[in-house]
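So the structure is just underneath, and the comments pick up after that.
Order of the sequence lines fixes the chain letters, A, B, ..., with proteins taken first and strands second; residue numbering starts at 1 for each chain.
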Amino acid sequence: MQFWLMKTEPDECSIDDALAAPRRITPWSGVRNYQSRNTMRDPMRVGDGVLFYHSNCAEPGIAGLAEVASGSRPDPTQFDRKGGYYDPQSKREAPRWVLVDIRALKKTRLVPIAELKAHKALANMLTLRPGNRLSITPVSGAEWRYITGKLL
DNA sequence: GCCAACGTTGGC
DNA sequence: GCCAACGTTGGC
């Protein structure tokens, strides 16, 4: 079992939105970064743990827990001409972007990024590195246990 | 709203 | 295949 941190803008899909969705499942659409796409396509497995992170908002930080609920499949929003995630270069016979389904498990207290940065045990978290812009990053087992055990 | 840092694009 | 310009991310 592996662990991931997945960013979402709460204006688009907050932990409350994800918990309110049918079967608490959210298709993680709209990722348009190759590295994050590859993470969903290759190493992610059903059942992996997910830190549900609110980004680009008034209170950025960890907002809940989730799990990977499906393998990867083509992201349908890449073919939607009218949607904001349309990719004219992606062909149906060779889709460029994929998604996985994420099942929201629970809302937690919000752990602000400043608090995460204050813990030495989390100093190596990829998402805390200056300039990091990946929307999906791996979380080590030790980091996962520290966060879920001590901070939530 | 600012802006640093990074990914992507495209001319050469 | 280099690299400058550009666009985007995302904390502050």
Inset, instruction - Taking the side chain as every heavy atom from C-beta outward, state whether A:Glu59 and A:Pro10 have any atom pair closer than 4.5 Å. - result: no

Legend entry - Carboxylate-amine/guanidinium contact A:Asp75 A:Arg37, below 4.0 Å: no

Inset, instruction - Indicate for each nucleotide in nucleotides 5-12 of chain C, in 5' to 3' sequence, whether protein heavy atoms under 4.0 Å reach the base (B), only the sugar-phosphate (S), or nothing (-). - result: --BBBBSS

Legend entry - Residues forming a ring pair (Phe, Tyr, Trp, His ring centres under 6.0 Å) with A:Phe79, sequence neighbours excluded: none

Legend entry - Verdict with reasoning, A:Val68 to A:Gln2, per side-chain contact (heavy atoms from CB on, under 4.5 Å): CA-CA 10 Å; A:Val68 177; A:Gln2 301 176 93; over 6 Å; no

Please table the atom pairs, donor to acceptor, closer than 3.5 Å between any side-chain atom in residues 144-152 of chain A and protein atoms at least two apart or in another chain.
unit_1   : atom_1 : unit_2   : atom_2 : d
A:Arg145 : NH1    : A:Gly141 : O      : 3.4
A:Tyr146 : OH     : A:His119 : ND1    : 2.7
A:Thr148 : OG1    : A:Trp144 : O      : 2.7

Legend entry - First encountered from the 5' end of DNA chain B, between A:Arg96 and A:Pro130: A:Pro130

